[in-house]
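In what follows, every chain begins at residue 1, and chains take the letters A, B, ... in the order their sequences are listed.
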Amino acid sequence: MSESMQRPLDVLGQALEKKILVRTKFGETISGVLKAFDSHINIWMDDAKVQGEKEMNMGKVLIRGDNIVYISPEK
Amino acid sequence: MSESMQRPLDVLGQALEKKILVRTKFGETISGVLKAFDSHINIWMDDAKVQGEKEMNMGKVLIRGDNIVYISPEK
Amino acid sequence: MSESMQRPLDVLGQALEKKILVRTKFGETISGVLKAFDSHINIWMDDAKVQGEKEMNMGKVLIRGDNIVYISPEK
Amino acid sequence: MSESMQRPLDVLGQALEKKILVRTKFGETISGVLKAFDSHINIWMDDAKVQGEKEMNMGKVLIRGDNIVYISPEK
Amino acid sequence: MSESMQRPLDVLGQALEKKILVRTKFGETISGVLKAFDSHINIWMDDAKVQGEKEMNMGKVLIRGDNIVYISPEK
Amino acid sequence: MSESMQRPLDVLGQALEKKILVRTKFGETISGVLKAFDSHINIWMDDAKVQGEKEMNMGKVLIRGDNIVYISPEK
Amino acid sequence: MSESMQRPLDVLGQALEKKILVRTKFGETISGVLKAFDSHINIWMDDAKVQGEKEMNMGKVLIRGDNIVYISPEK
């Protein structure tokens with residue numbers, strides 16, 4: 001039952017400094033290294049790449065949490 | 001009348017470590033094992049699979065609660 | 001004037017353990033037995049059936065309140 | 001200047017037990033008898049009829065306030 | 001600099017009992033006499049007329065503030 | 001570093017009684033003289049002109065802040 | 001583990017007086033010099049240029065935070 005003590009945002013705590021994939025409400029997928037997050041799920045990534053209608057290297061990026069559908073750490 | 005003492009999120013408490021199906025506002029269905037949730041219905045799933053326009057294995061995933069229409073534990 | 005003392009969510013209190021019909025913002029109609037609700041109008045239903053583009057039996061389901069347009073108890 | 005002491009929701013207080021018409025954000029018009037409301041403009045109606053793509057008699061209905069554009073008491 | 005002491009909602013205070021025009025997020029224009037408003041910009045109008053896809057006389061109407069784009073008092 | 005002490009809404013404080021341009025989420029551009037604003041970025045403008053599908057002179061107007069994408073003072 | 005002490009908005013603190021690129025929910029890209037921000041991610045930029053359906057020089061601009069998908073400092 002100790003499992004129930006975990007919280008969803010622990011996924012992000014475990015993924016700090018690792019590669020994650022962020023899916024936005026606008027159909028874009030943004031991959032990069034997770035540097036920081038907060039309780040609104042605002043996300044700071046480094047080496048970020050956007051894959052949407054057009055692909056784009058962005059380097060450092062701040063994603064506002066309310067645009068995010070899901071986040072998945074790299075396997 | 002003791003039924004009225006139950007709360008909707010008890011469904012999730014009962015489904016911890018079991019398979020659930022999540023329907024998003026974007027028409028995607030995500031299935032996987034429920035690991036944790038909070039009062040915003042943010043969801044952490046393991047072995048997650050997305051069934052939308054394209055199918056995708058994601059492993060560990062955090063879904064932001066405001067994207068979720070409904071959640072159903074596996075029968 | 002005692003009528004004005006009633007609150008909208010009393011409709012749900014009266015419908016516990018009875019069949020209800022839920023209309024979502026996505027044009028789906030979900031019917032089932034109301035097991036629990038909260039002040040956000042999050043809803044837990046049993047024996048739930050979704051009627052939308054495709055029909056689906058879901059059993060137990062948690063609907064996040066912000067997706068709901070209206071709820072009607074069965075006559 | 002005493003007019004400025006009135007509040008918008010007084011319209012609903014005056015319409016209790018009377019026929020109202022509710023316009024939703026989804027282009028539906030729902031008519032019926034107002035039984036109760038709260039500060040979120042959640043609405044409980046009896047003898048409710050939905051006029052949208054298809055017409056439907058629903059009897060008792062709870063409308064979540066955030067779906068409502070406007071409410072007009074019957075003249 | 002005394003101008004900066006004014007607040008946007010003063011426009012509504014000055015327009016009480018006068019004709020206003022309300023533009024909704026759904027492309028409708030509603031004209032009528034402003035009777036009351038609150039801090040959410042919920043609006044009670046009398047002699048209200050809706051000009052959208054179809055024109056409609058509604059008499060008394062309560063508009064939920066979150067549907068409103070702008071409000072203009074009659075010149 | 002004194003720059004970091006500035007706040008975004010200072011742009012509006014500096015623009016009081018001057019011409020501004022407001023872009024709405026509905027693709028409209030509204031120009032006019034800024035008379036007042038609040039922390040929600042609700043805006044009161046005078047001599048307002050809407051440039052959208054159709055152009056319109058509105059005189060005094062209150063714009064609800066949640067419809068605004070950006071505001072630019074005239075150069 | 002000191003990394004976890006960082007917060008997402010630190011990206012903006014580091015970018016003050018530098019060039020940033022803002023992506024809005026409406027598909028527009030706005031570039032310019034970051035002058036100030038707040039906890040809602042409201043943004044004040046100078047020398048702002050909008051690249052959307054039509055390109056536009058705007059000079060000083062205030063972007064309401066709820067329209068922003070992501071922000072990237074210039075590399």
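In this structure, NE2 on D:H40 lies 9.0 Å from CG on C:L9, to the nearest 0.5 angstrom. Distance CZ/C:R23 to CE/D:M58: 9.5 Å, rounded to 0.5 Å.
Atom NZ of C:K25 has more than 12 heavy atoms from other residues, nucleotides or ligands within 6.0 Å.
At a 4.5 Å heavy-atom cutoff, the contact between C:Q14 and chain D is made by side-chain atoms alone. For C:I20, no part lies under 4.5 angstrom from a heavy atom of chain D.
When D:D38, D:I43, D:I30 are compared by the number of non-hydrogen pairs under 4.5 Å with chain C, D:D38 comes out ahead.
For residues 60-70 of chain C, heavy-atom neighbours of chain D at less than 4.5 Å comprise C:G65, C:D66, C:I68, C:V69, C:Y70, sorted by residue number.
Nearest heavy atoms, D:W44 versus C:P8: CB-CA, 3.8 Å.
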